[in-house]
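Worksheet: one structure, shown below.
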2 protein chains.
Amino acid sequence: MDAPDARTIKAAIQAQRASMQALFDQLRQDGLDEPGVSRDTYGAGEQRAHATVTKAAEALGLEIAHDDAANLYMTLPGRDRSAPVLVIGSHLDSVPHGGNFDGAAGVLAGLATVTALRTLGLTPDRDIVVMGIRAEESVWFQVSYIGSRGSLGTLPEGALDVRRVDTGRTLADHISDCGGNPEALRTRARHFDPSRIRAYLELHIEQAPSLVEAGVPVAICTGIPGNFRFPDAWIEGRTDHVGTPRRFRHDAATAGAEFAIALDQLWADYDQRNIPMACTLGRFHTDPAAHGLTIVPGTFHFSLDVRAYDEATLAELEDKVGRIIQGIEQRRAVRFHLGQQARAAVGMVDPAIKAGLEAAARAQGVPVLHIGSPASHDAAAFAAAGVPMGMLFVRNENGSHNPHEAMTIEDFLDGASVLAQWLTTAT
Amino acid sequence: MDAPDARTIKAAIQAQRASMQALFDQLRQDGLDEPGVSRDTYGAGEQRAHATVTKAAEALGLEIAHDDAANLYMTLPGRDRSAPVLVIGSHLDSVPHGGNFDGAAGVLAGLATVTALRTLGLTPDRDIVVMGIRAEESVWFQVSYIGSRGSLGTLPEGALDVRRVDTGRTLADHISDCGGNPEALRTRARHFDPSRIRAYLELHIEQAPSLVEAGVPVAICTGIPGNFRFPDAWIEGRTDHVGTPRRFRHDAATAGAEFAIALDQLWADYDQRNIPMACTLGRFHTDPAAHGLTIVPGTFHFSLDVRAYDEATLAELEDKVGRIIQGIEQRRAVRFHLGQQARAAVGMVDPAIKAGLEAAARAQGVPVLHIGSPASHDAAAFAAAGVPMGMLFVRNENGSHNPHEAMTIEDFLDGASVLAQWLTTAT
């Protein structure tokens, strides 16, 4: 397509300020679960978000489709309908009592971008598919990238039989509820052959305050961390009376504390060497059915997420975590049971897309940072399948996965402008 | 009374092997709540234990009485019924899923001792009162020594309005259920004027494996630790997304871990200097309603019990805990909320009773250790009221406050022999 000038593109995005604000407000209303919003994965909350976004896409005249994983595809047809498509996507679920923008901002940025093309009377060379992805938040099923990997036929073995932590029902059942076809997913049926995707682009709120700290509205992603995870690990010690002398104890909670502090020191060391990583003990607890003021904890439970930006660092960290555990087991006469391990590969950003986004930001006059994504994103699943991938982050106060995340509509429109600029010039 | 020889006393105790075993078996049956036994404080479990012990005391022809706190008194009348009485007591409640001997062994040792006197046709100079004490296990109401302090009129302000952690009902209501009179307790009515008690003796299983380690059946107590406690403390941090860089985090769980490790190091230091103390984080947990694999914990909850054998050490430890907390608050930008503090005074053992028990053990040929009590005991409440106090510990495998505690009947009878020997010679 013929690229309009940057100012025209910016105006076409800015013109959507009110409609985008209204769409965000509707999504907040749909998901309201004070404090914050809950768009539960393959549940009522996510369903309402899909309905609202579908309605908006229908009003724009986009083609609506779904796949076996109940992902939502909203397509602006291109000149050559057989050419590999361009996907702009993000997820529509949220953590319990999360914020309104985590995920949804990326889907709305896709809608804003295709709306701008429509307004400007531009027909893209290829189909542009805005994708509302299912089940990105692994807190529900403790499996990552369910929707995007379902779409690509790369869902891991056994995932469909995992149970949602709150309902206790299987992923397969939940997918069925939402109109998907879990049996087809079992045969690794896929909606997308990766070779049929020209590129995958995702805008997402930043899930850390780096942009707030720097006073910059938008960041270009340099990579998505891979991770290894132990969702349900525990430490076996021995329950004892509160007066038990130190030399006799096998205190599982103190062993857990030593583990946490060793990981924290490991992280501090990597920070000092400027090797980005992160390490989180999200669940970290004595057993509510057995603990008490006068009982030395005999068991201790935790979840662990360790993430880094290259596979070598991840492998090194895994080795170091293993050594830390060995040391604690010996020193404290306890035993770690790590349970099932989950993994996500590092998501490499396509250098040409990254350069294109930099040029687009310059053209739009939007100042940008370059940051490694603090979080995991569906974009990593596309990258893992061989799809050229790029991401933008939008400034967000108060972190994410909590009710206080805060993105301004101005920053959102800046991010969408960069996306639209890239789309009209780079494809 | 005229003291029989040591061999005669031993025989009178050994003769009760079967009846004592049967009584322990009945108590286990009464409290069975797999794994282990639950004799809930002022609840159905404790009630059944009281009924069983009362029945046994009635069969022995002891006088039965109760006080406003529903404690049980089983009296062998002495020659001079107006002389200050001798109390042999312990508690009949247990922790949830605890062992069968914690508490009950002391009450049964009292019954075995008075039975021995009866068998030998001895009438003591003064009344001997076997006391089945209520509510020693502070896990239920998070208040210590409820029964013994109720008996002595030293129950702390507000205790009657505290709620049981599981039922949510007040101590006053629970006492009423069990035939007590909480309104009388409010006026500090007491069953015992401390000056009317010649001595308080308690036999208890050891709640640590020192005797097992040393291969000795019985220990003579050198003191009962005082403590300070924070039953419901928590740390306020900030909930964040799993990818949040280290420099931005206010991770409440890692702050809790640093606290645990600092306390553990403090304890190791005291151990090295041979100053006995103990320190337990019994509850130590992220919030089950909010935690998850991909959420940096914003709050962290714990209970703390710190105990030592003299008031100066306790005061020093309290000061050090305060400094540790200050340091963590500064380093990790979190805030500790310690909530209500509970305290128990150090229980000093009467030197003459201690010497008498040593002589009695020698006479009975029972090898003994001298140890500071690892745990708190009702004996400390009597000592705090000015009653001369002494304690014996009986060897116990696998610690206490768990289903695996294990005392042999042989060790129990050894302990009871020492008690009976002391009683016939020292009173």
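Note that the coordinates shown come from a computational prediction; the quantities given were computed from them, not determined experimentally. Just so it is clear: chains get the letters A, B, ... in the order the sequence lines come, proteins before strands, and each one is counted from 1.
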Revision key, fill the gap. With chain B, the option among Val242(A), Thr294(A), Thr244(A) that has the most non-hydrogen atom pairs under 4.5 Å is Val242(A)
Study note, to complete from the structure: Ranked by heavy-atom pairs below 4.5 Å to chain B, first place among Met277(A), Arg307(A), His404(A), Arg249(A) goes to Arg249(A)
Study note, to complete from the structure: Scored by heavy-atom pairs under 4.5 Å with chain B, the best of Leu304(A), Asn398(A), Val165(A), Ile295(A) is Ile295(A)
Practice item. Go through the atoms of Leu263(A) and report whether side chain, backbone, both or neither lie under 4.5 Å from a heavy atom of chain B. Key: neither
Check your understanding: Non-hydrogen atoms of chain B under 4.5 Å away: do they reach the side chain of Asp264(A), the backbone, both or neither?
Key -> both
Review point. Top residue by heavy-atom pair count (under 4.5 Å) with chain A, among His285(B), His401(B), Arg246(B), Glu137(B)?
Key: Arg246(B)
Practice item. Quick one: sort the Trp234(B) and His301(B) rings into parallel, tilted or perpendicular, breaks at 30° and 60°. Key: parallel
Check your understanding: Could you go step by step and tell me if Phe393(A) and His377(A) meet the ring pair (Phe, Tyr, Trp, His ring centres under 6.0 Å) rule?
Key -> CA-CA 11 Å; Phe393(A) 298 113; His377(A) 295 285; 5.7 Å; yes
Practice item. Against chain B, label Leu281(A) side chain, backbone, both or neither, depending on which of its atoms sit under 4.5 Å from a heavy atom there. Key: backbone
Exercise for review: Name the option with the most non-hydrogen atom pairs under 4.5 Å to chain B; the candidates are Ala278(A), Pro297(A), Gly256(A).
Suggested key: Pro297(A)
Check your understanding: Side chain, backbone, both or neither: which part of Phe302(A) has an atom under 4.5 Å from a heavy atom of chain B?
Key -> neither
Exercise for review: Below 4.5 Å from any heavy atom of chain A, which atoms of Asn227(B) appear? Answer side chain, backbone, both or neither.
Suggested key: neither
Exercise for review: For atom CD of Gln340(B), decide whether the heavy atoms of other residues, nucleotides or ligands shown that lie under 6.0 angstrom number more than 12.
Suggested key: no
Practice item. Under 4.5 Å, counting heavy-atom pairs only, tell me which of Arg247(B), Arg238(B), Glu206(B), Gln142(B) racks up the most with chain A. Key: Arg247(B)
Check your understanding: Do other residues, nucleotides or ligands put more than 12 heavy atoms under 6.0 Å from Glu34(B) CD?
Key -> yes
Practice item. Considering only heavy atoms and a distance below 4.5 Å, find which of Ala260(B), Pro374(B), Pro209(B) pairs most often with chain A. Key: Pro209(B)
Check your understanding: Under 3.5 Å, is there a donor-acceptor pair between the Ser144(A) and Arg343(A) side chains?
Key -> no
Review point. Which residue pairs satisfy the salt bridge (Lys or Arg N to Asp or Glu O under 4.0 Å) criterion with at least one member in residues 274-288 of chain A, sequence neighbours excluded?
Key: Asp232(A)-Arg283(A)
Study note, to complete from the structure: Counting heavy-atom pairs under 4.5 angstrom with chain A, the leader among Arg229(B), Glu258(B), His97(B), Glu213(B) is Glu213(B)
Check your understanding: How about His91(A) and His204(A): are their ring centroids closer than 6.0 Å?
Key -> yes
Exercise for review: Would you mind reporting whether Glu405(B) and Ile205(B) have side-chain heavy atoms less than 4.5 Å apart?
Suggested key: yes
Revision key, fill the gap. Okay, Pro96(A) and chain B: the region with an atom under 4.5 Å from a heavy atom over there is neither
Point to revise | Most contacts with chain A, counted as non-hydrogen pairs under 4.5 angstrom, among Ser210(B), Gly298(B), Pro403(B) | key: Ser210(B)
Point to revise | Which atoms of Ala268(A) approach chain B - backbone, side chain, both or neither, heavy atom under 4.5 Å | key: both
Point to revise | Residue that, paired with Val95(A), satisfies side chain to side chain contact (heavy atoms under 4.5 Å, CB included) out of Val37(A), Asp102(A), Asp40(A), Val139(A) | key: Val139(A)
Review point. Would you say the side chains of Thr239(B) and Asn402(A) form a donor-acceptor pair under 3.5 Å?
Key: no
Exercise for review: Between chain A and each of Phe230(B), Phe259(B), Phe284(B), count heavy-atom pairs under 4.5 Å; write down the option with the most.
Suggested key: Phe284(B)
Review point. Under a 4.5 Å heavy-atom cut-off, does chain A meet the side chain of Asp271(B), its backbone, both or neither?
Key: side chain
Review point. Where is the tightest heavy-atom contact between Arg163(A) and Gly168(A), given as atom of each residue plus distance?
Key: NH1-O, 2.9 Å
